[in-house]
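Letters go in sequence order (proteins before strands), and every chain restarts at 1. These figures come from a predicted structure and were not determined experimentally.
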2 protein chains.
Amino acid sequence: MPRYRLTLEWDGRPYMGWQRQEHGPSVQQALEEAAARITEHDVTAIAAGRTDAGVHARAMPVHFDSEKALTPFRMMEALNAQLRPHPIAVIDCREANAEWHARFSCTGRIYDYLIINRRPPLTLEAGMAWRVTHDLDAEAMHEAAQRLVGQHDFTTFRSAHCQSASPVKTLDRLDVARTTDRIMIRAEARSFLHHQVRSMVGCLMMVGRGQWSADDLSSALVAADRQALGQNAPPDGLYFVGARYE
Amino acid sequence: MPRYRLTLEWDGRPYMGWQRQEHGPSVQQALEEAAARITEHDVTAIAAGRTDAGVHARAMPVHFDSEKALTPFRMMEALNAQLRPHPIAVIDCREANAEWHARFSCTGRIYDYLIINRRPPLTLEAGMAWRVTHDLDAEAMHEAAQRLVGQHDFTTFRSAHCQSASPVKTLDRLDVARTTDRIMIRAEARSFLHHQVRSMVGCLMMVGRGQWSADDLSSALVAADRQALGQNAPPDGLYFVGARYE
């Protein structure tokens with residue numbers, strides 16, 4: 001019974017997120033249904049991370065077990081054929097050993113967040129970026145972001161629905177860089193709390209427009225209180241871009 | 001009566017192209033209707049270039065005359081408000097003198113064409129790039145492309161519907177560069193024939209996959225015959241990205 005290790009890319013706009021939901025379409029459901037048509041049995045797919053409604057993936061590791069043994073190439077081809085017309089693609093497929101687990105074996109998760117800093121509405125990037133109309137100082141955002149790097153109680157940046165056992169996480173990297181009107185934020189950690197990236201980005205935006213200082217960001221972190229949160233960024237600009245395994 | 005010089009960005013997917021058509025929505029119609037609601041008179045908008053159905057624009061110069069005088073900033077804001085929910089945005093607006101003409105004053109037009117060279121279907125870039133599944137040699141494409149640079153009779157690369165007086169054009173630049181699985185082609189000329197960029201890209205793709213040599217490309221050019229065309233690339237990957245004015 002082979003275990004397949006997939007890398008998935010998807011456009012998050014039509015989905016409630018990765019995880020199966022009663023009330024709407026999910027990437028997990030689309031993938032499991034596609035895989036079940038190939039394997040001819042029920043399939044449970046596990047992803048490295050859960051993503052919210054509207055969040056995109058460039059490279060999300062996923063695994064599932066199949067009683068039907070196909071070469072990884074043929075499995076990828078079959079899944080991509082069955083996934084049509086969903087905007088979900090298997091961009092890599094290989095066999096993994098039975099101990100490899102997309103979620104529990106994962107030792108690092110990387111997200112990108114794209115802000116487009118301009119006044120006109122988005123067209124080509126509609127749903128794919130957060131348009132912020134106030135002028136943002138990306139250098140100030142990057143400097144302030146370093147206050148969040150390291151091990152902290154991230155309660156301020158955690159949604160009420162977070163299922164994590166502890167609010168203490170180690171943020172390995174939070175970089176902010178501007179190219180013309182695009183501001184890209186890269187966040188890397190072993191794991192994140194629910195809404196953590198979007199909450200950090202929302203507060204960094206407040207720093208960028210001058211509403212908050214880096215000290216205000218530190219105070220919000222130290223408060224360890226959801227009420228201290230400045231703002232949550234929308235899902236549109238968030239991309240799961242990679243995961244690390246030992 | 002001020003003349004407004006706009007820069008437009010649009011997602012070409014829903015449109016028959018820039019130009020007004022009897023049988024479907026166009027960017028020109030959307031803009032003229034938005035402008036007419038502001039100026040309270042009929043408006044004719046002129047663009048630097050016509051684009052086909054499904055072709056995108058990052059920065060298309062356009063002008064129109066208005067009997068109502070608003071500051072350029074207020075005109076931009078009003079147009080963007082009236083354009084909703086069209087995926088068309090005015091990203092710059094200024095006043096121009098009455099001699100300035102988006103089309104006739106234009107001395108250079110620049111297009112980008114994006115190929116994504118991979119087997120899996122596109123998701124985030126669906127409709128925004130040409131997926132080519134055969135391995136492409138971008139260096140060979142770039143080398144061959146130089147055969148097309150300069151003044152030539154581009155009849156081979158011209159659609160049957162082309163309205164240009166002459167098939168002789170001067171191609172100033174045709175660069176091909178790969179970054180991971182993305183191949184970006186930039187074409188620059190004073191003006192192009194109808195379908196010229198897509199026809200050149202289609203033939204370069206044949207060079208990239210090894211079906212054609214650079215000599216085959218030269219032969220097709222010299223033939224000056226539409227029958228010698230290798231292949232036409234789809235509109236999805238084509239972007240009007242800029243124009244030059246003296």
Participant: Looking at every non-hydrogen atom in both residues, tell me the closest pair between B/Thr123 and A/Asp11 and how far apart they are.
Facilitator: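 The answer is OG1-N, 4.0 Å.
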Participant: Between A/His86, A/Met128, A/Glu125, A/Arg119, who has the most heavy-atom pairs with chain B when the cutoff is under 4.5 Å?
Facilitator: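 Top count of heavy-atom pairs under 4.5 Å with chain B: A/Arg119.
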Participant: What are the two closest non-hydrogen atoms of A/Ala89 and B/Pro120, and how far apart are they?
Facilitator: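 Result for this residue pair: CB-CB, 4.3 Å.
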Participant: At a heavy-atom separation under 4.5 Å, does A/Ile91 approach chain B through its side chain, its backbone, both, or neither?
Facilitator: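 Both the backbone and the side chain of A/Ile91 come within 4.5 Å of chain B.
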Participant: Taking everything shown except A/Arg74 itself, do over 12 heavy atoms lie less than 6.0 Å from its CZ?
Facilitator: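 Atom CZ in A/Arg74 is not crowded, with 12 or fewer foreign heavy atoms closer than 6.0 Å.
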Participant: Are there more than 12 heavy atoms of other residues, nucleotides or ligands under 6.0 Å from atom CD of A/Glu33?
Facilitator: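 Buried by this count: over 12 neighbours within 6.0 Å.
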Participant: Where is the tightest heavy-atom contact between B/Ala57 and A/Leu124, given as atom of each residue plus distance?
Facilitator: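 Closest heavy-atom pair between B/Ala57 and A/Leu124: O-CD1, 3.7 Å.
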Participant: How about CZ on B/Arg178, more than 12 heavy atoms from neighbouring residues, nucleotides or ligands closer than 6.0 Å, or not?
Facilitator: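 Counting other residues, nucleotides and ligands, CZ of B/Arg178 exceeds 12 neighbours.
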Participant: So for atom CD, which belongs to A/Gln211, do other residues, nucleotides or ligands contribute more than 12 heavy atoms lying within a distance under 6.0 Å?
Facilitator: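 Above 12, so yes.
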Participant: Give me the atom names and distance for the closest heavy-atom approach of B/Pro121 to A/Arg84.
Facilitator: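 Closest approach of B/Pro121 to A/Arg84, heavy atoms only: CG-NH2, 4.2 Å.
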Participant: Evaluate whether atom CG of A/Asn97 has more than 12 neighbouring non-hydrogen atoms of other residues, nucleotides or ligands under 6.0 angstrom away.
Facilitator: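 It does: A/Asn97 CG has more than 12 such atoms within range.
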